[in-house]
Amino acid sequence: MVNHATSTLDFTNQQEAARVLPQTPLVASYHTGWQGLTFTHYCHPPHKTVEHCLLQHSLVITDPKSCFQAERHLDGKFKQYAHGNGRVDVIPAFLSHWTNWDREVEFSTIAICPTLLNQTTQELMPREIELIPQFAIDDPVIQQLALALKLEIQTGCMSGRLYGELLGTALAARLVQNYAVSKPAFEFKANGLPQSQLERVIDYMKANLTQDLSILDLATLTGMSASHFSRSFKQSVGIAPYQYLMQQRVERAKQLLEKQSIAISTIALDCGFANQTHLTKVFRQMTGMTPKAYQK
């Protein structure tokens, strides 16, 4: 239960997050526009946080090089434990807690909106998801998803909102699958999108290649949750929405490159890539050659 004297904080707000972790994060997603999750990465000196509860579920992913002693007081229970080496804490939303560590450590935090978890299984479990607290667990999937989020921010979020939000959906699914009090009775099997909905989504993508599309933008066209839409789209097309969007941008770039009168840097922007470097990277991955070589 939440003590009324405990601060209730929104970790997606940078000023409120600083009340818990006063050190400025080295990497942060505040500018990305991602919906449903917030990523921060810290190198933080020894610290004891104020007692607080968060509006979001929070993950703490320690850096593989860090090794330290942690203390955590969570919902009236006290725990001391060795931490670090890439291990993960899972702290459910709305639980009063504080934590303390004894040396400078490097770690990432991911705040996930409860709504994102609930949407992940709303087709199977029409009730709120409750998570079980976890301390210093080894979860390679969460570690890799956190690393992918960090690298996406560090490289300028060139892949756009769709990519970051799909990683968030994958994190939500992992939490529900492994750390929820009640799990879905069976795995949800996507049947694919009805043809009319699939055509609507594809037409929207092609008409908005230059836009920073969100997974929610696309899901709204079908009336589905983001997670249900992602699974159904992949069942229909064979690849994730983000991968399909990249394919369409590359196809559009090929058409423009064949004209040979347009600068590659202009083509990159006209096709929704962050810059020419981003176009070159994705184009080479999908075709095995650079845009310049293709143009010749």
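Position 1 is the first residue of the sequence; numbering continues from there. Below, all heavy atoms of this structure are taken into account, side chains as well, without hydrogens, waters or symmetry copies.
- Contact of the Q247 side chain with the I239 side chain is registered, since non-hydrogen atoms from C-beta on lie closer than 4.5 Å.
- Under the 4.5 Å side-chain criterion, counting only non-hydrogen atoms from C-beta, T277 is not in contact with M158.
- Between L218 and V201, the shortest heavy-atom contact is O-CG2, 4.2 Å.
- Shortest non-hydrogen contact noted between P92 and I132 is CG-C, 4.3 Å.
- In plain terms, the two heavy atoms of L55 and A93 that are nearest each other are O-CB, 3.8 Å.
- Checked by atom type and distance alone, the side chain of R161 pairs as donor or acceptor with a backbone atom of D212 at under 3.5 Å.
- Considering CD of E165 and CH2 of W34, their distance stands at 9.0 Å, rounded to 0.5 Å.
- A donor atom on one side chain and an acceptor atom on the other are not found under 3.5 Å apart for T287 and Y294.
- One finds the CD atom of E104 at 14.5 Å from the OH atom of Y42 (value rounded to the nearest 0.5 Å).
- Considering only heavy atoms from C-beta on, V141 comes within 4.5 Å of L145 through its side chain.
- With respect to the salt-bridge test (charged N to carboxylate O, under 4.0 angstrom), the residues E251 and K254 qualify.
- Note that the CG atom of N85 and the OG1 atom of T62 stand 6.5 Å from one another [nearest 0.5 Å].
- Side-chain N or O atoms of T99 include one that pairs as donor or acceptor with a backbone N or O of E71 at under 3.5 Å.
- Checked by atom type, the side-chain pair D10/Q56 shows a donor-acceptor distance below 3.5 Å.
- In the hydrophobic cluster analysis, where Ile, Leu, Val, Met, Phe, Trp and Tyr join through side-chain heavy atoms closer than 4.5 angstrom, L59 is grouped apart from L54.
- Put simply, the side chain of E152 never gets that close to the backbone of G164: no donor and acceptor are under 3.5 Å apart.
- A distance of 10.5 Å separates OG1 of T12 from CG of L37, quoted to the nearest 0.5 Å.
- Side-chain contact between I202 and Y244 is present, with at least one heavy-atom pair separated by less than 4.5 Å.
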Yes or no on side chain to side chain contact (heavy atoms under 4.5 Å, CB included) for L171 and F39, after CA distance, side-chain angles and deciding distance? CA-CA 12 Å; L171 270 172; F39 178 95; over 6 Å; no

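- Taking CD1 of I110 as the reference point, atom NZ of K150 lies at 11.5 Å (rounded to 0.5 Å).
- Here the closest heavy-atom approach between residue N118 and residue I129 is recorded as OD1-N, 2.8 Å.
- Using a 4.5 Å cut-off on side-chain heavy atoms (C-beta onward), T222 and F233 make no contact.
- Other residues, nucleotides and ligands place more than 12 heavy atoms under 6.0 Å from the CD atom of Q23.
- In this structure, H47 contributes its side chain and V20 its backbone to a donor-acceptor pair below 3.5 Å.
- Two residues are said to be in side-chain contact when any heavy atoms from C-beta on lie closer than 4.5 Å; W101 and T49 meet this criterion.
- In this structure, D63 contributes its side chain and F107 its backbone to no donor-acceptor pair below 3.5 Å.
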If you apply the rule side chain to side chain contact (heavy atoms under 4.5 Å, CB included), what do you find for L269 with L279, and how did you get there? CA-CA 9 Å; L269 298 180; L279 167 61; over 6 Å; no

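- A distance of 11.0 Å separates CZ in R87 from OG in S66, rounded to the nearest 0.5 Å.
- Among residues two or more places apart in sequence or in another chain, the side chain to side chain donor-acceptor pair (under 3.5 Å) test is passed with H52 by H97.
- Of all heavy-atom pairs spanning L9 and R19, the tightest one is CD2-NH1, 3.2 Å.
- I112 and L21 sit in two unconnected hydrophobic clusters of ILVMFWY residues. Membership requires side-chain heavy atoms under 4.5 Å apart, directly or through other members.
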Derivation and outcome, side chain to side chain contact (heavy atoms under 4.5 Å, CB included), residues V250 and F273: CA-CA 9 Å; V250 167; F273 294 98; 4.1 Å; yes

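- Between Y204 and L213, the closest side-chain pair of non-hydrogen atoms falls below 4.5 Å.
- Across every non-hydrogen atom of R174 and I142, the tightest pair is CG-CG1, 3.9 Å.
- Between M224 and Q197, some side-chain heavy-atom pair lies under the 4.5 Å cut-off.
- Follow the hydrophobic side-chain contacts under 4.5 Å out from I137 and you reach L175 in the same cluster.
- Of the possible donor and acceptor atoms, none in the side chain of Q134 sits under 3.5 Å from a partner among the backbone N and O of Y179.
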